[in-house]
Visitor: 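Take a look at this one; I'll ask things after.
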Amino acid sequence: MELAILDSAQGRWRRKQLREWQQAFRTRLAGFALGLLALVFSGVVSAQPLAAQAQKPSEIPVEAFAGRSQLNSAKLSESGSRFAFVVVEGDKRILAVHDSDTLEPLVAIDLGDREGFNWFQWAGDDRILISTRMRLTKLQYSAETKLHAFDIPTRQLHFIGFEDQGWEGDDVLHTDKHGRYVILSVSERRFTPPAVWRFPLDGSGASAAVLVQKPEKEVRQWFADDEGVVRLGMSWTSRADIKIYFRSGPEDRYRRVTKVKGGDDDALDAWDVMGIYAGRDTGYAMVDDDDGKTILREIDYSEGELGNVVYENPRWSIDSVVIRRGEGPVGVRYTDDEPRTEWLEPEMQKIQSQLEAALPGSRVRIIDSAGMDRMLVMQSGDADPGALYVFTPSRMSLELFANLRPLVDERLLSQTKAHDIVARDGTRMRAFLTLPKDRAAKGLPMVIMPHGGPYGVRDTMVYDDWTQLLASRGYAVLRPNYRGSGGYGEAFERLGDGQIGRAMQDDIDDAYDWAVAQGFADPARVCLFGASYGGYASMWGTLRNPERYRCGASFAGVVDWEDLLAYDSQYLGRGRIRKRWYKDIWTPRITGDDNFDLSMISVSDQIARLERPLFVAHGIQDMRVPFDQFEELSKAAETAGVEIEMLEIEDDHYLGDSAEEARFLKALLAFLETHNPAD
């Protein structure tokens with residue numbers, strides 16, 4: 001696999017956390033038939049995903065919108081001769097391997113349930129590395145990870161590591177492109193600093209492992225260059241300061257380059273290592289410029305100094321960088337109203353243009369590449385769920401592998417448009433409006449959908465299942481990027497600090513006022529609906545402003561901020577670095593003024609104010625917003641003598657079970673039909 005996408009979402013400093021793995025890991029040796037569509041084009045010509053049915057149905061079934069398509073996880077093997085992706089079968093995760101020439105299935109690997117699978121990556125063309133996890137405690141970040149290698153020709157699964165190793169067993173520093181070995185950072189015993197070992201992938205086990213780097217200077221995190229030479233190490237102090245050690249080559253001694261103080265986000269960004277290259281000391285870093293916009297710069301690891309600017313967009317922060325192994329950045333990705341790729345390499349830009357000409361009227365993204373030999377291409381649009389293609393440049397052959405939503409007829413979907421909304425204090429925010437198809441754009445029933453997060457997250461003009469489901473039932477859907485949302489610069493995001501339930505909620509109300517003033521919405525037929533933070537904002541808006549909203553609906557919404565912060569002190573605050581981040585950054589962003597009483601904006605504390613119908617659903621396995629928030633609301637409503645329609649879902653925060661998501665969506669539609677009918 002040639003290209004790697006390095007992402008900056010949710011902050012660019014990510015320490016590798018102890019993860020979960022499952023107790024039972026099995027492999028399925030039989031072939032795997034998905035019933036996927038395959039359509040071959042002799043050249044790069046105009047191609048669109050096939051319609052689901054020849055006859056236009058009256059309504060797309062709810063089940064067609066449920067479940068998360070995993071085709072975005074598709075990755076090519078080293079030469080591009082094969083590709084693999086994760087498939088969901090009920091509660092199971094299956095790793096499906098296909099031949100890139102014939103598109104036929106080769107093997108399916110049973111990854112167990114979704115809680116146990118972590119990630120996969122190719123090692124050459126014949127082996128796949130699979131990381132699994134097992135939760136050690138109730139909290140998500142307390143987990144043990146292990147690494148396995150699956151050999152495709154022999155259908156054998158091998159454990160990679162030591163019997164009594166530390167909890168983190170999947171810190172792969174380098175993978176041999178021929179699939180012969182991996183360089184793995186791992187502790188031989190728990191509670192000891194990690195060493196670096198070279199493990200063969202032929203099944204010979206730990207007895208054949210070779211020590212590459214012994215534990216040194218209390219280093220907890222090692223990094224290797226593109227040839228597998230360990231070059232950089234990090235340790236941290238009790239105050240969460242980070243010490244950086246570096247060497248220029250395998251014969252050199254490590255020396256301390258710098259110490260980064262805990263909480264110094266700008267300095268930490270530069271050390272979120274994006275790649276070290278043999279024969280040079282320079283690499284790359286995604287850092288913020290003086291305006292708070294993320295740009296790409298060089299960094300000299302030997303001196304800890306930032307160098308030349310490699311790329312900056314005049315308006316937008318970059319989201320990620322496309323790295324070619326052994327070379328460096330070949331492209332960057334950013335988002336305005338929709339995700340975009342700007343290639344730094346002319347040949348890749350030429351291919352991008354060819355693909356856009358072949359798939360007109362859609363968003364085209366190269367998601368993986370084996371050099372210039374073969375590429376995986378994802379095509380989609382705001383009213384098109386999209387499809388996965390296999391592109392072979394040498395033959396100019398573009399093959400449709402599968403539609404992401406095969407049961408969704410895109411002829412019935414609705415277009416989305418971007419709008420600017422000015423809030424009451426003059427703040428300008430971007431919002432996305434989806435109008436129901438074949439209805440006049442006037443006086444419509446509307447659902448306002450605040451996004452989750454809330455900080456650093458935003459909605460864009462991409463295809464969204466829940467938006468299209470609601471639009472297909474006759475509702476206009478408005479998704480405002482209120483203050484605190486990401487992507488519009490640091491200043492806009494910081495406007496949300498301390499404004500949960502306050503100015504951030506005002507922005508949602510101002511979006512309502514805009515939709516009514518523009519004539520899109522019937523002021524008497526507007527409801528709120530969202531998930532996670534969006535669920536909180538929907539519940540709170542229904543309580544706070546019954547004069548605006550006819551009803552409210554929430555999935556996995558926060559109901560008590562004090563209780564959630566207490567929970568987050570463990571969920572988000574495990575480890576010295578995270579504890580400091582939780583105390584110094586996360587908590588102040590939520591509370592704002594130290595003297596502010598969070599009960600004033602907590603749904604459970606204010607539930608007696610409820611005047612409008614409210615629907616609340618929550619997953620009993622949710623660990624991000626724990627299920628006891630749902631239980632607390634139920635008790636508070638009973639005490640206050642108010643009625644809430646409540647639904648327990650046999651799932652977690654992210655609705656990975658398509659059947660449970662469909663059950664939730666049907667209940668949501670029934671609630672809206674009762675309290676805010678579209679007709």
Visitor: Would you mind checking if Arg439 and Asp679 are paired as a salt bridge, meaning a charged N to carboxylate O distance below 4.0 Å?
Guide: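 So Asp679 pairs with Arg439 through a salt bridge.
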
Visitor: Go through the steps for Asp506 and Arg544 under the test salt bridge (Lys or Arg N to Asp or Glu O under 4.0 Å), then give the verdict.
Guide: CA-CA 10 Å; Asp506 292 341; Arg544 193 180 85 145; 2.8 Å; yes

Visitor: Check the pair Asp337, Arg430 against salt bridge (Lys or Arg N to Asp or Glu O under 4.0 Å), reporting the backbone distance first and the verdict last.
Guide: CA-CA 9 Å; Asp337 284 337; Arg430 199 71 161 162; 2.6 Å; yes

Visitor: What distance separates Leu655 CG from Gln621 CD, expressed to the nearest 0.5 Å?
Guide: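 Rounded to the nearest 0.5 Å, the CG-CD separation comes out at 10.5 Å.
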
Visitor: Checking the side chain of Asn676 only, and the main-chain atoms of Arg525 only, is there a donor and an acceptor separated by less than 3.5 Å?
Guide: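 Such a contact is found between Asn676 side chain and Arg525 backbone.
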
Visitor: Does atom CD of Glu356 have more than 12 heavy-atom neighbours, drawn from other residues, nucleotides or ligands, at distances under 6.0 Å?
Guide: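 Buried by this count: over 12 neighbours within 6.0 Å.
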
Visitor: Does Arg502 count as lying over the ring of Phe596, i.e. NZ or CZ under 6.0 Å from the six-ring centre, within 45 degrees of the axis?
Guide: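 Here Arg502 passes the 6.0 Å and 45° test against Phe596.
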
Visitor: Any non-hydrogen side-chain atom of Asp465 less than 4.5 Å from a side-chain atom of Val408?
Guide: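 Result no, sub-4.5 Å side-chain heavy-atom pair not found.
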
Visitor: Run the salt bridge (Lys or Arg N to Asp or Glu O under 4.0 Å) test on Glu493 and Arg589 for me, step by step, so that the C-alpha distance in whole Å, both residues' side-chain angles and the decisive distance to 0.1 Å come before the verdict.
Guide: CA-CA 11 Å; Glu493 185 173 336; Arg589 298 197 84 176; 3.4 Å; yes

Visitor: Apply the test salt bridge (Lys or Arg N to Asp or Glu O under 4.0 Å) to residues Lys666 and Glu673: give CA-CA distance (whole Å), side-chain angles for both, the deciding distance (0.1 Å), then the verdict.
Guide: CA-CA 10 Å; Lys666 288 177 181 178; Glu673 178 63 27; over 6 Å; no

Visitor: Whether the side chain of Ser538 engages the backbone of Phe529 through a donor-acceptor N/O pair (distance < 3.5 Å, no angle test) should be reported.
Guide: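 Indeed, once roles are kept as given, a pair shorter than 3.5 Å links the two residues.
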
Visitor: Counting only N and O atoms by type, is there a donor-acceptor contact under 3.5 Å from the side chain of Asp560 to the main-chain atoms of Ser604?
Guide: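 No; zero donor-acceptor contacts below 3.5 Å.
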
Visitor: Where the side chain of Asn545 meets the backbone of Arg548, is there a donor-acceptor pair that is under 3.5 Å apart?
Guide: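 Absent.
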
Visitor: Could you label the plane-to-plane angle of the Trp561 and Tyr536 rings as parallel, tilted or perpendicular, counting under 30° as parallel and over 60° as perpendicular?
Guide: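 Trp561 vs Tyr536 ring planes: perpendicular.
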
Visitor: Taking side chain as C-beta onward, heavy atoms only, is Phe492 less than 4.5 Å from Thr427?
Guide: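 The answer is yes; the side chains approach within 4.5 Å.
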
Visitor: Could you tell me whether the side chain of Glu631 reaches within less than 4.5 Å of the side chain of Asp628, counting heavy atoms only?
Guide: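 Contact flag for Asp628/Glu631 side chains = yes.
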
Visitor: Does Ser414 reach the main-chain N or O of Lys437 with its side chain, forming a donor-acceptor pair under 3.5 Å?
Guide: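 Yes, the answer is positive, given that a donor and an acceptor are paired below the 3.5 Å cut-off.
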
Visitor: Looking at Gln629 and Val559, would you say the former's side chain and the latter's main chain have a donor-acceptor pair under 3.5 Å?
Guide: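 A pair under 3.5 Å: yes.
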
Visitor: Can you measure from CE (Met378) to CG (Leu71) and round to the nearest 0.5 angstrom?
Guide: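 It comes to 5.5 Å.
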
Visitor: Yes or no on side chain to side chain contact (heavy atoms under 4.5 Å, CB included) for Asp622 and Ile649, after CA distance, side-chain angles and deciding distance?
Guide: CA-CA 10 Å; Asp622 196 334; Ile649 298 295; over 6 Å; no

Visitor: Identify the two heavy atoms, one from Ala66 and one from Arg405, that lie closest to each other, and give their separation to 0.1 Å.
Guide: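 Of all heavy-atom pairs spanning Ala66 and Arg405, the closest is O-NH1, 3.1 Å.
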
Visitor: Ignoring hydrogens and angles, tell me if any N or O in the side chain of Arg550 forms a donor-acceptor pair with the backbone of His675 under 3.5 Å.
Guide: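 Judged by distance alone, yes, a pair lies under 3.5 Å.
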
Visitor: Between Ile94 and Phe117, does the side chain to side chain contact (heavy atoms under 4.5 Å, CB included) criterion hold? Intermediate values first, please.
Guide: CA-CA 10 Å; Ile94 305 297; Phe117 171 64; over 6 Å; no

Visitor: Is there a donor-acceptor contact under 3.5 Å from the side chain of Gln606 to the main chain of Ser599?
Guide: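 Indeed, once roles are kept as given, a pair shorter than 3.5 Å links the two residues.
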
Visitor: Please say whether more than 12 non-hydrogen atoms of neighbouring residues, nucleotides or ligands are located less than 6.0 Å from CD in Glu638.
Guide: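 Check fails, neighbour count at 12 or below.
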
Visitor: What heavy-atom pair brings Ala636 and Ile607 nearest, and what distance separates the two atoms?
Guide: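 Smallest interatomic distance, heavy atoms only, reads O-CG2, 3.7 Å.
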
Visitor: Where do Leu610 and Ile644 come nearest, in terms of heavy atoms and distance?
Guide: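 So the two residues come closest at CD2-CG1, 4.0 Å.
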
Visitor: Roughly how far, to the nearest 0.5 Å, is OG of Ser472 from CZ of Phe65?
Guide: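 Atom-to-atom, Phe65:CZ and Ser472:OG are 4.5 Å apart.
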
Visitor: With heavy-atom distances below 4.5 Å as the criterion, would you say the side chains of Leu433 and Met446 are in contact?
Guide: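 Of all side-chain heavy-atom pairs linking Met446 with Leu433, at least one is under 4.5 Å.
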
Visitor: In Å and rounded to the nearest 0.5 Å, what is the CD1 to CD1 distance from Ile601 to Ile500?
Guide: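 So the CD1 of Ile601 and the CD1 of Ile500 are separated by 6.5 Å.
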
Visitor: Does Arg663 come within less than 4.0 Å of Asp651, counting only side-chain N to carboxylate O?
Guide: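 Between Asp651 and Arg663 there is no salt bridge, as every charged N stays at least 4.0 Å from the carboxylate O atoms.
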
Visitor: Would you say Asp384 and Gln379 are linked by a side-chain donor-acceptor pair, where the criterion is simply a distance under 3.5 Å?
Guide: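 Yes.
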
Visitor: For the pair Leu355 and Tyr389, evaluate side chain to side chain contact (heavy atoms under 4.5 Å, CB included) and give the outcome as yes or no after the intermediate values.
Guide: CA-CA 10 Å; Leu355 291 169; Tyr389 294 80; over 6 Å; no

Visitor: So that I can tick it off, tell me whether Glu661 and Arg68 are bridged by a salt bridge, with the cut-off set at under 4.0 angstrom between side-chain N and carboxylate O.
Guide: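 Answer for the salt bridge query: yes.
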
Visitor: Compare every heavy atom of Gln468 with every heavy atom of Asp382, then report the nearest pair and how far apart it is.
Guide: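 Smallest heavy-atom distance, with atoms named: O-NE2, 3.2 Å.
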
Visitor: Do the non-hydrogen side-chain atoms of Phe391 and Ile366 ever get within less than 4.5 Å of each other?
Guide: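 Phe391 does not reach Ile366 side chain to side chain.
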
Visitor: Looking at Tyr488, Tyr533, Tyr512, which hits ring-ring contact (aromatic ring centres under 6.0 Å, His included) with Tyr482?
Guide: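 So the option named by the test is Tyr533.
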
Visitor: Counting C-beta onward and ignoring hydrogens, is there a side-chain heavy-atom pair between Leu672 and Arg473 closer than 4.5 Å?
Guide: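 Not touching, per the 4.5 Å side-chain cut-off.
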
Visitor: Exactly one of Arg458, Arg333, Lys417, Arg363 should register a salt bridge (Lys or Arg N to Asp or Glu O under 4.0 Å) with Glu338. Which one does?
Guide: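 Result for salt bridge (Lys or Arg N to Asp or Glu O under 4.0 Å) with Glu338: Arg363.
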
Visitor: Work out which heavy atom in Ala358 is nearest to a heavy atom in Leu398; give both atom names and the distance.
Guide: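 For Ala358 and Leu398, the tightest heavy-atom pair comes out as CB-CD2, 4.1 Å.
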
Visitor: Taking C-beta and beyond as the side chain, do Asp336 and Arg315 meet within less than 4.5 Å on heavy atoms?
Guide: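 They are not in contact (no side-chain heavy atoms under 4.5 Å apart), so the answer is no.
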
Visitor: Roughly how far apart are Asp513 CG and Ile508 CD1, rounded to 0.5 Å?
Guide: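 Answer rounded to 0.5 Å: 12.5 Å.
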
Visitor: Side-chain contact, heavy-atom cut-off 4.5 Å: Phe85 with Gln70?
Guide: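 Phe85 does not reach Gln70 side chain to side chain.
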
Visitor: Is Arg612 reaching over with its side chain to a backbone N or O of Pro546, donor-acceptor style, under 3.5 angstrom?
Guide: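 Looks like yes, one N/O pair under 3.5 Å.
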
Visitor: I'd like to know whether Leu470 forms a side chain to side chain contact (heavy atoms under 4.5 Å, CB included) with Thr434, so could you lay out the CA-CA distance, the side-chain angles of the two residues, the decisive distance to 0.1 Å, and finally the verdict.
Guide: CA-CA 9 Å; Leu470 292 171; Thr434 306; over 6 Å; no

Visitor: How close do Pro480 and Met449 get, heavy atom to heavy atom, and via which atoms?
Guide: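 Taking Pro480 first and Met449 second, the nearest heavy atoms are CD-O, 3.9 Å.
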
Visitor: For the side chain of His98 and the backbone of Leu103, is there at least one donor-acceptor N/O pair under 3.5 Å apart?
Guide: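 Checked: pair present.
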
Visitor: Can you tell me how far apart CD (Glu562) and CG (Leu564) are? Round to the nearest 0.5 Å.
Guide: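 Interatomic distance, Glu562 CD to Leu564 CG, rounded to 0.5 Å: 11.0 Å.
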
